[in-house]
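Take a look at the structure set out below.
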There are 2 protein chains.
Amino acid sequence: MTPTGDGRTTGDRLTIRDVAHDAQVSVATVSRVLAGSASVSPALVERVRESVRRLGYTPHSVARSLASGRTRLVGALVPNLANHYFYALIKRMLHDAERDGYRLIVADSDENVVAERELGVNLLHQTDGLILCSPRARVGVLRQLLDHGKPVLVLNRLVDSLPVSQVVVESYPAMRQLATYVADLGHRRVAYLHGPARSWHSRERWRAVRLLTRRGVDITEIRVGATMDAGHRAVPQILRSDATAVLAYNDLAAIGVVVGLTERGIRVPQEVSVTGFDDIPHSRFVTPPLTTVRSPQEEVGSVAWKVMSGQLHGDSPGTRTVLAAEPVIRNSTAAPPENSR
Amino acid sequence: MTPTGDGRTTGDRLTIRDVAHDAQVSVATVSRVLAGSASVSPALVERVRESVRRLGYTPHSVARSLASGRTRLVGALVPNLANHYFYALIKRMLHDAERDGYRLIVADSDENVVAERELGVNLLHQTDGLILCSPRARVGVLRQLLDHGKPVLVLNRLVDSLPVSQVVVESYPAMRQLATYVADLGHRRVAYLHGPARSWHSRERWRAVRLLTRRGVDITEIRVGATMDAGHRAVPQILRSDATAVLAYNDLAAIGVVVGLTERGIRVPQEVSVTGFDDIPHSRFVTPPLTTVRSPQEEVGSVAWKVMSGQLHGDSPGTRTVLAAEPVIRNSTAAPPENSR
DNA sequence: GTGAAAGCGCTAACAG
DNA sequence: CTGTTAGCGCTTTCAC
């Protein structure tokens, strides 16, 4: 009944036991060397390293996860990967996580609240933590996610009532500045294009724009969304409103508007001013270049990973990081035409 | 020395044994029910299901992976996530994989060949398969990846010498049609803007454009890349070449060119025609809308997943799917100005 | 500083 | 059809 044991596992995959056998040490020692543990004599460390190299051994990550209880995987859930807004964000987190030995499982809820919940729960089950980008779910759902006891991070949405770490770009002040700028140019009839219904940012931006009424500006609200197509389709309604300036929820919608106006021979900004939000790369490559708000997505990504990483290492949750956005004045805005002042 | 055993594991996580105990069956039966195995009596199936539901049990995916040898994870490696080209692709694969119970680990090599190799190897170690999107690596490296014995799929690059499954959109015929169309409009001096150095598509497209010389068209080659910025920066060189038509490697570069020309007061297409490739959403929202080639990325994504899925279930590798692209004529192309014919 | 051994939670023979 | 049991490959006490 003694083990069969020469230590060499049959089959094709090299295990830690093969290395142990080759280096004439125990598997525990190999494991320690691989983990970079200090309490191994330099001589053994070298011997193990040499065996690992010569044999071409690679640890089996799943076995490692099962034994250690950590997967070194983090979920990243976005409402819509096709939205330019998430590029820089995901990309930056991908690289930072990679650097720290973590990998991201990306999922896309397609703006579907039910899918968001399901995906969130499932992701959390197979990862060490979850990053929710602009989640649309109700607070109750977010709370459930927290109950799993794993680190959860919410990006670009402020949830006051929850002990969850959050990283957000503050829309309100920048949008307020932008709106003020437009009013100062002399515009008195403005159209605001709302973003996705459940978007926190959309509510924040609207909250800022609404203040213009205090200055006697007339605001027409139009439900549009976050795509170029939607912006483009909104043009007739914009024209009907007789607005001389259009404040869009984001750059995408703004681009759709600019193109739609241009197609109809309406000059931007001479006849109608248009502003966006986010400062996506395309906003500089519209004619005319878009007046917008720079939202530091890269920074959100890098802070987000830093916070998540800290939490994975035991930091307590609930930190809140607020980053500022700032208006970028380009050429899609100008004073309204003389006859409409 | 008998097991301590009331079956209830201590600690907070519910295991399959808790369910087995609750339903008064063996763990094997629970496992079978969870796997949807046919050979369990309906009565037990129901009892187990009920216990699972009541207890709120969820299988531990890592343990499952270790025991079964399958992770239900697939790697997806792209050269640059910030390139619009990969949106539809990744997004579609994400959803199709999700539907089949798989999850994607997305990685971005940042157009770095070394990183690509590293990431590829690492991903393959922790997943059941790997999808390489437009890989830039040398054939030798791809072969190494295949040697791991796991399914590997190459997208948007044809590698003749390798027994690896491939899904590609054929650039050559469509680019040839587009080039012919431009020549037929009467253009005799054309500039071609090359894409990323190691891109297979870039070589294919150039191979097609080059044929114009046979028709006596004068071609100026300019190394540009795949971004709007790069296209924009290339404008002075384009003007120096005195070309009346610009064929860009992709839409992004083309957009940069259109904007750059417009800024200098050069009218597109009256004075200079410009074409792109890919038909990204933005190409319809440029002024003027871009003449380009529709590359069916969504279809690539869905076929890609189908092939990967088949391979995961034992299909033999080496299939090759070629999808067609087709020119989309919009308004950025026209006959050259009279005086330059 | 090092090794032996007990699991991590599940699947998959194998026996009945 | 159902149960028993031996691992999957690694980490991590616990002794020495």
Side-chain angles (χ1 to χ4, degrees), chain A residues 1-5 7-48 51-52 55 57-72 101 125-126 128, chain B residues 1-5 7-48 51-52 55 57-72 101 125-126 128:
Chain A
M1 277 300 182
T2 47
T4 1
R8 183 64 179 84
T9 311
T10 57
D12 37 15
R13 193 180 223 289
L14 237 36
T15 78
I16 200 172
R17 293 175 56 174
D18 299 319
V19 177
H21 183 242
D22 185 86
Q24 302 284 334
V25 297
S26 71
V27 294
T29 299
V30 177
S31 177
R32 287 187 189 111
V33 172
L34 261 33
S37 162
S39 50
V40 181
S41 74
L44 287 196
V45 170
E46 191 37 52
R47 232 159 73 205
V48 170
S51 293
V52 167
L55 266 38
Y57 164 79
T58 351
H60 189 293
S61 59
V62 174
R64 181 176 270 186
S65 295
L66 182 59
S68 68
R70 290 172 295 109
T71 60
R72 302 214 136 229
H125 274 303
Q126 57 189 282
D128 295 345
Chain B
M1 277 300 181
T2 46
T4 0
R8 185 64 180 86
T9 310
T10 58
D12 36 15
R13 195 183 221 290
L14 237 35
T15 78
I16 200 172
R17 294 175 56 176
D18 299 319
V19 178
H21 183 243
D22 184 87
Q24 303 285 336
V25 296
S26 72
V27 293
T29 299
V30 177
S31 178
R32 287 187 190 108
V33 171
L34 261 34
S37 163
S39 49
V40 180
S41 74
L44 287 196
V45 170
E46 192 36 52
R47 230 159 73 205
V48 171
S51 292
V52 167
L55 265 39
Y57 165 79
T58 351
H60 189 292
S61 59
V62 173
R64 181 177 269 186
S65 295
L66 182 59
S68 67
R70 288 172 297 109
T71 60
R72 302 215 136 228
H125 274 303
Q126 57 188 282
D128 295 345

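Residue numbers start from 1 in every chain, and the chains themselves are labelled A, B, ... in the order their sequence lines are given, proteins ahead of strands.
Nucleotide dA4(C) holds its P atom 13 Å from the NE2 atom of H21(A), rounded to whole Å. Residue Y57(A) contributes atom OH, which lies 7 Å from atom C1' of dG9(D) at whole-angstrom precision. dG9(D) atom C1' lies 12 Å from atom CG of L34(A), rounded to whole Å. We find that CZ of R17(A) is positioned 12 Å from C1' of dA5(C), with the value rounded to whole Å. Protein atom NE2 of H60(B) is 14 Å distant from nucleotide atom C1' of dT11(C), rounded to whole Å. When the P atom of dC10(C) is taken as reference, atom CZ of R13(B) falls 7 Å away, rounded to whole Å. Per the geometry, CG belonging to L66(A) stands 14 Å off P belonging to dG7(C), to the nearest Å.
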Seminar exercise, completed: B/S/- along nucleotides 1-7 of chain D (protein heavy atoms under 4.0 Å) is SBBBB-B
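A side-chain donor-acceptor contact under 3.5 Å links S68(B) to the backbone of R64(B). In this structure, the side chain of S31(A) does not engage the main chain of V27(A) through any donor-acceptor pair within 3.5 Å. At distances below 3.5 Å, not a single donor-acceptor pair connects side-chain atoms of R32(A) with backbone N or O atoms of S39(A).
Using a 4.5 Å heavy-atom threshold, the side chains of V48(B) and V40(B) count as separate.
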Problem set entry | Derivation of the side-chain contact (heavy atoms from CB on, under 4.5 Å) call for V30(B) and V25(B) | CA-CA 7 Å; V30(B) 177; V25(B) 296; 3.8 Å; yes
Exercise. Can you list the steps and then say if V33(A) with L44(A) is a side-chain contact (heavy atoms from CB on, under 4.5 Å)?
Worked result: CA-CA 8 Å; V33(A) 172; L44(A) 287 196; 5.7 Å; no
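For R64(B), a side-chain nitrogen or oxygen approaches OP1 or OP2 of dT11(C) to under 4.0 Å.
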